[in-house]
**Q** 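The structure's right below; bear with me while I get my questions together.
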Number of protein chains: 2
Amino acid sequence: MNPLYIQVKKRITESLVSAEWGPGQSIPSEMELAKKYNVSQGTVRKAIDDLAADKILIRRQGKGTFVSTHKEENIQLRFLRLTEKSGKKEKLENKLISFEREKASNQIARALGVNTSSTLISIKRLLTFNGKPLILDFIKIPSVSFRGLTSEKVIEKKGSMYRMYETDFGIQMLHADEKIKAVSANKVSSSMLGVSEGSPLLSVERLSYTYDDKPIEWRLGLCVTLDHYYKTELE
Amino acid sequence: MNPLYIQVKKRITESLVSAEWGPGQSIPSEMELAKKYNVSQGTVRKAIDDLAADKILIRRQGKGTFVSTHKEENIQLRFLRLTEKSGKKEKLENKLISFEREKASNQIARALGVNTSSTLISIKRLLTFNGKPLILDFIKIPSVSFRGLTSEKVIEKKGSMYRMYETDFGIQMLHADEKIKAVSANKVSSSMLGVSEGSPLLSVERLSYTYDDKPIEWRLGLCVTLDHYYKTELE
DNA sequence: GAGTGGTCTAGACCACCAA
DNA sequence: TGGTGGTCTAGACCACTCA
């Protein structure tokens, strides 16, 4: 049998998946949950501690515990940071290049855990900072999870895709794995990004997961790293 | 006044810095520490929880709590992962190219928090996997923190530099920041790495920290990412 | 079986926030 | 002032390791 606090954690997660408590809202207090689950307040606390460590919940002393809605900006900011050179805040713009539905390729189907016969939405877009092309993004998401998504909607929601996933489809990205390589710009990517053919680009392949470690988005970003760099922290 | 468990955490950290408890050794049990610090066992537990989350301590049920010595392999492994293609274990080799003492440049001095007049040890080396060049490393460390380090010692300790730092100088790397870019191979790096000039390389600039968030090593790695990739996890 | 970390409880008090 | 999360305690029992 699992420890009690793990079971509590599971039940809280279920309430989050079923959207009983939505992003930004507060969940019941520790005492209420303790009564509801027939455990002590300390056990609920430990369960919430875990979820807060994963940034799924946010605690605010004196106010309550809230469902994280940090997907608005966070992954985006966590993704690429600006160099010190341009310390001022930069303007990000988002230009849609194409929006199509297509059959999943073997590779992507395996990554997303869907059938090869299933349909994906395939989005290409260009991100610019201060008017200069920075990232060329190829995004693939299962059509079935994003019914009704149109190119107009993507354009309309200028900001992060993740924000749109959350507000329009109730899908929250909880974590992601990335594989990073250095590649050469080919004809298409170089002209899109305004660099010469063969220039080095940072290739960032990302698989993003929602609740239950279910992969929900595959993305490849080609980044110009002349004035920017990718930042990580180890441990 | 700080919470008690923070103070306990601090006192434990002090014992780690002063090498009262060395890497790989066990620290006193929770009950003993509770008595020593005049707090309850639960408070010690919370302090240790924090340190274990930072991977500074490792708990082993039924055995005790141990000082992490994971620097042997861990940062190295965390650094570059092998592609699935070559699932088998690969052989890493480490070839020293140069070992010199030099004055710190402005940039590095600032990063390491030392004077520009101070002396650095500057190491260049080439890492190969299965005989193929993979990473060209430029490493700079303050001479004063690594008195008596010689090129022979670097060669002798074939494995990770971090292991040598720990065993020979009592310096443990606790975390690191990295800035990643894609760059073109120049004449020197291309010939060293066995790729053609202008090939894309992954440039990984790393600043590593020891206890108290003191920066202690600056490193630049140029990596060939044809058969390998850099792996990260977000959140 | 003795000793360790792991879980769980119950209750106390503190710090913060809002009405 | 009442409700929330944050800290701290004391004690119970469980799970694991090793002699």
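The shown structure was predicted, so the numbers you read here are calculated from the model rather than taken from an experiment. Convention: sequence-line order gives letters A, B, ...; per-chain numbering from 1.
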**Q** Check the angle between the aromatic planes of B:Tyr209 and B:His175 and answer parallel, tilted or perpendicular using the 30° and 60° thresholds.
**A** parallel
**Q** Would you mind reading off the distance between B:Met31 atom CE and C:dA2 atom P, rounded to a whole angstrom?
**A** 16 Å
**Q** To the nearest angstrom, how far is A:Lys35 atom NZ from C:dG11 atom P?
**A** 13 Å
**Q** Examine C:dT7: is either OP1 or OP2 under 4.0 Å from a nitrogen or oxygen in the side chain of A:Lys46? Give yes or no.
**A** yes
**Q** Within less than 4.0 Å of OP1 or OP2 of D:dG6, is there a side-chain N or O belonging to A:Arg59?
**A**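 Yes, within the criterion.
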**Q** Roughly, in whole Å, what's the span from CD in A:Gln61 to C1' in D:dT7?
**A**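 To the nearest whole Å, that distance equals 10 Å.
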**Q** Is the Lys NZ or Arg CZ of A:Lys181 less than 6.0 Å from the centre of B:Tyr229's six-membered ring, within 45° of the axis?
**A**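 That pair does not qualify as a cation-pi contact.
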**Q** Roughly, in whole Å, what's the span from CD in A:Glu30 to P in C:dT9?
**A** 13 Å
**Q** In Å and rounded to the nearest 0.5 Å, what is the CD to CG distance from B:Glu178 to B:Leu207?
**A**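 Here the interatomic distance stands at 10.0 Å.
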**Q** Just the rounded figure in Å: distance from P of C:dC17 to CZ of A:Arg60.
**A** 11 Å
**Q** Quick one: is C:dT7 close enough that its OP1 or OP2 comes under 4.0 Å of any side-chain N or O from A:Thr43?
**A** no
**Q** Any side-chain N or O of B:Lys63 below 4.0 angstrom from OP1/OP2 of D:dC18?
**A** yes
**Q** Would you tell me if any nitrogen or oxygen in the side chain of A:Ser29 comes within less than 4.0 Å of OP1 or OP2 on D:dT4?
**A** yes
**Q** Nearest-Å distance, OH (A:Tyr37) to P (C:dC8)?
**A**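 From A:Tyr37 OH to C:dC8 P: 15 Å.
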**Q** Please determine whether a side-chain nitrogen or oxygen atom of A:Thr65 lies at a distance below 4.0 Å from atom OP1 or OP2 of D:dT4.
**A**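 No, A:Thr65 has no side-chain N/O under 4.0 Å of OP1/OP2 on D:dT4.
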**Q** Kindly indicate whether a cation-pi arrangement holds for A:Arg60 with A:Phe66, taking the cut-offs as under 6.0 Å to the six-membered ring centre and within 45° of the axis.
**A** yes
**Q** Using a 4.0 Å heavy-atom cut-off, does A:Gln7 contact any base of the nucleic acid, only the sugar-phosphate backbone, or nothing at all?
**A** nothing
**Q** I need the OH-C1' distance between B:Tyr5 and D:dG5, as an integer number of Å.
**A** 12 Å
**Q** Can the positive tip of A:Arg11 be found less than 6.0 Å from the middle of the six-membered ring of A:Tyr37, inside 45° of the ring normal?
**A** no
**Q** Does B:Glu32 or B:Gln41 map to a spot on DNA chain C nearer the 5' end, using the closest nucleotide for each?
**A**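 Checking each residue's closest nucleotide, the 5'-ward one belongs to B:Glu32.
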**Q** Can you measure A:Asn2 atom CG to C:dG6 atom C1' for me and round it to whole angstrom units?
**A** 13 Å
**Q** What contact category does A:Arg45 fall into here, base, sugar-phosphate, or nothing, at under 4.0 angstrom with non-hydrogen atoms?
**A** base
